[in-house]
Amino acid sequence: REFEVHGGGRDLIFPHHENEIAQSCSIGRGFARVWAHNGMLELRGEKMSKSEGNIQGLAEALDEWGPETLIMLFLQAHYASPMEYSDATLEQARAACETLRNRLRSGSGEDAGVRDAVCEALDDDFNTPRALAVTPAKRLDVFPDVPTVADVVPGYEASGFAGIGVPRGTPADIIDL
């Protein structure tokens, strides 16, 4: 039985992934319908790796930067491209979160074509930077019929961005107004 999606680092295409394909095909099975080879996370221009000792653990990164900033960092780069992990790129991602949060608060970016634009970007080799450029929110009280990223992207609510438009520290009874 084939996997729907199989992924790994671009550095594993040969020989690791080619060997997996050969082994599966040799017994009459396919391996994966979709291959997604990601670019490397880099620190000062070099691949992050335990063997090099140039890593920051996920728990430490979450404590220092928070989930929104890390998610934004990952979404701002195409999955197949190398991505620089540095204080500067994380500060840029943090600022992008704030920009997005302000857009969500102001209700700007409502557009009847947002669904098509997001789907087109994601259909283009999962182009998250382009999809992110589409304002992913609306004010339900003003534009109830305009689709958003949350309407069209499965798992968006679980992605960590669902609460990004809610100002931090705002009491729930104020949000419900």
Item to check | Distance (rounded to the nearest 0.5 Å) between Tyr85 OH and Met48 CE | outcome: 5.5 Å
Checklist outcome for this item: Across all chains, not counting sequence neighbours, the ring-ring contact (aromatic ring centres under 6.0 Å, His included) partners of Phe31 are Phe3, His6, Trp35
Checklist entry - Who are the side chain to side chain contact (heavy atoms under 4.5 Å, CB included) partners of Leu58, not counting sequence neighbours? => result Leu62, Leu70
Next on the checklist: Test of understanding: clusters of I, L, V, M, F, W, Y form through side-chain heavy atoms closer than 4.5 Å, transitively. Do Met83 and Leu132 belong to the same one?
Outcome noted: no
Checklist outcome for this item: Ser26 meets the side-chain hydrogen bond (donor to acceptor under 3.5 Å, both in side chains) criterion, sequence neighbours left out, with none
Checklist entry - Hydrophobic clusters join Ile, Leu, Val, Met, Phe, Trp and Tyr when side-chain heavy atoms are under 4.5 Å apart, directly or via other members; which others share one with Met40? => result none
Checklist outcome for this item: Rounding to 0.5 Å, atoms CG (Asn19) and CG (Leu12) come to a distance of 11.5 Å
Checklist outcome for this item: Residues passing the side-chain hydrogen bond (donor to acceptor under 3.5 Å, both in side chains) test with Asp124, sequence neighbours excluded, are Arg130
Next on the checklist: According to side-chain hydrogen bond (donor to acceptor under 3.5 Å, both in side chains), who are the partners of Ser81, at least two apart in sequence or on a separate chain?
Outcome noted: none
Next on the checklist: To the nearest 0.5 Å, what is the distance between OG1 on Thr69 and CD on Glu98?
Outcome noted: 10.0 Å
Next on the checklist: Suppose the criterion is salt bridge (Lys or Arg N to Asp or Glu O under 4.0 Å): which pairs have a residue in residues 73-91, not counting sequence neighbours?
Outcome noted: Glu91-Arg94
Item to check | Atom of Ala131, atom of Ala121 and distance for their closest heavy-atom approach | outcome: N-CB, 3.5 Å
Item to check | Contacts of type side chain to side chain contact (heavy atoms under 4.5 Å, CB included), residue Ala95, not counting sequence neighbours | outcome: none
Item to check | salt bridge (Lys or Arg N to Asp or Glu O under 4.0 Å) partners of residues 23-41, not counting sequence neighbours, each pair once | outcome: Glu2-Arg33, Glu4-Arg33
Item to check | pair Gln92-Thr89: side-chain heavy atoms closer than 4.5 Å | outcome: yes
Checklist outcome for this item: The side-chain hydrogen bond (donor to acceptor under 3.5 Å, both in side chains) partners of Ser49 (sequence neighbours excluded) come to Ser51
Side-chain donor-acceptor contacts of residues 71-79 below 3.5 Å, not counting sequence neighbours, with atom names and distances?
from, atom 1, to, atom 2, distance (Å)
His78, ND1, Ala80, N, 3.1
His78, NE2, Asp125, O, 2.7
His78, NE2, Asp125, OD2, 3.3
Tyr79, OH, Asp125, OD1, 2.7

Checklist entry - Are Leu122 and Asn127 close enough, and set up right, to give a side chain to side chain contact (heavy atoms under 4.5 Å, CB included), and what steps lead you there? => result CA-CA 5 Å; Leu122 295 177; Asn127 192 333; over 6 Å; no
Checklist entry - Taking only residues at least two apart or on different chains, which pairs with a member in residues 34-61 satisfy salt bridge (Lys or Arg N to Asp or Glu O under 4.0 Å)? => result Asp11-Lys47
